[in-house]
Number of protein chains: 2
Amino acid sequence: MSAEERREAILEAARGEFASTGYHGTSTETIAERAGISQPYLFRLFGTKKELFLASVRRCFRETLETFQRAAEGKRGEEALHAMGDAYLGLLTDRSRLMAQMQAYASCDDPEIRAVVREGYGDLVTWTERVSGLAPAELSHFFAKGMLLNVVASMDLLNSDEAWARRLIDGCRADT
Amino acid sequence: MSAEERREAILEAARGEFASTGYHGTSTETIAERAGISQPYLFRLFGTKKELFLASVRRCFRETLETFQRAAEGKRGEEALHAMGDAYLGLLTDRSRLMAQMQAYASCDDPEIRAVVREGYGDLVTWTERVSGLAPAELSHFFAKGMLLNVVASMDLLNSDEAWARRLIDGCRADT
DNA sequence: CTAGGTACTGACTCATCACTTACTTACAGA
DNA sequence: TCTGTAAGTAAGTGATGAGTCAGTACCTAG
């Protein structure tokens, strides 16, 4: 297997593990095992645990952006926005991607991580703004709903019968 | 100092440390040091690291609810909601409380933590709903804005000159 | 003054972790 | 067939962390 393919396999494994136990709570041994390689080889390919985490975060944001781009392909304005919203709801069902994102936000006290998260989220916002042509208030509303859904999904309440959670979710679907 | 006062002091220290390095990334030694006691005594008062974390999360949600209650005192409907929104903006300037909250969401893969977070957030939502009398769509909007601000604040962008971030924040203030 | 409880700690144990070193194997090109 | 390089690992190291144990210091009720 080429080094590039190995890197991809490791990043896939890393996201899964970082998603559930976070940066500090995940051992490089666990990730290597899940990726089917030895732990020293992981260090050969990524240098440090932090570089691996940063690469994982970047990949996560890049995949989300690509999902938005695919969803909006050939569409414009409101129509593009709706397609992106639906596509995002789909992403939420992948708990690994969701929790990895939440771990990234929670790790923002670290300056290096914060810089990567800022860049990833910023790319998402500016691209969406450009394609949809939304004014600030509507743009905020779109991303705000996304974040609320993230948190509700983190608590695993998307398909629960908790009454207050259902009302929050229904309230999200109701408008725009 | 009474055990009860010590518990409070430890919880204060714990929130600060958990906020920046999360559950797994924070050592009980560090918390004990910050609280000015020995590490064994921390275990005497809280049993396990996890119990300490859970107590810290519960306290965090309780304080937020109390802030909402104080802000809304003697007010009703829209007026109460505005007061709560303003009070929440104030809370965001306390980075310790903010990041502790984000760490709690990110730790939701653990069932015990998830249960506590659900309860805390649920209390916040149901109380707000009852006091403001909002319909689901507006209730969602209120909490969605709160979550977006949380994330923007996590990235330390509340007072930055990053253009896209300013537009998001202004967009939040613009409506309701 | 003393018995018992409450606050509090020094000095461990055993496990785990990030990272390294020194090595092996597989294979493509000269 | 020999050589250089890329893919890969077994076996460490030094540090740190959660949790325990066996105590000490102090205060208060009788």
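First the proteins, then the strands, lettered A, B, ... as listed; each starts at 1. Since we're looking at a predicted model, the values are computed, not measured.
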Next on the checklist: Looking at B:R59 and B:E63, is any side-chain nitrogen of the basic one under 4.0 Å from a carboxylate oxygen of the acidic one?
Outcome noted: yes
Checklist entry - When you check the phosphate oxygens OP1 and OP2 of C:dC8, does a side-chain N or O of B:R6 lie under 4.0 Å from one of them? => result yes
Checklist outcome for this item: Walking DNA chain C from its 5' end, the first of A:Y23 and B:S38 to be reached, judged by nearest nucleotide, is B:S38
Next on the checklist: In whole Å, I'd like the distance from the CD atom of B:E33 to the C1' atom of C:dC8.
Outcome noted: 16 Å
Checklist entry - What residues form a ring pair (Phe, Tyr, Trp, His ring centres under 6.0 Å) with A:F142, not counting sequence neighbours? => result none
Item to check | Atom-pair distance (CD1 on B:I37; C1' on D:dA25), nearest Å | outcome: 17 Å
Next on the checklist: Short of 4.0 Å, heavy atom to strand atom, which residues of residues 39-60 of chain A count as contacting DNA chain D?
Outcome noted: A:P40, A:Y41, A:R44
Next on the checklist: Please check if the number of heavy atoms outside B:Q69 that lie under 6.0 Å from its CD is greater than 12.
Outcome noted: yes
Checklist entry - Across the strands shown, which category fits B:T26 at heavy-atom distances under 4.0 angstrom: base, sugar-phosphate, nothing? => result sugar-phosphate
Checklist entry - Can you check whether A:T28 has a side-chain N or O nearer than 4.0 Å to OP1 or OP2 of C:dA18? => result yes
Item to check | Student check: side-chain heavy atoms of A:R97 and A:C60 closer than 4.5 Å | outcome: yes
Next on the checklist: Rounding to an integer number of Å, can you tell me how far A:E29 CD sits from D:dG12 P?
Outcome noted: 15 Å
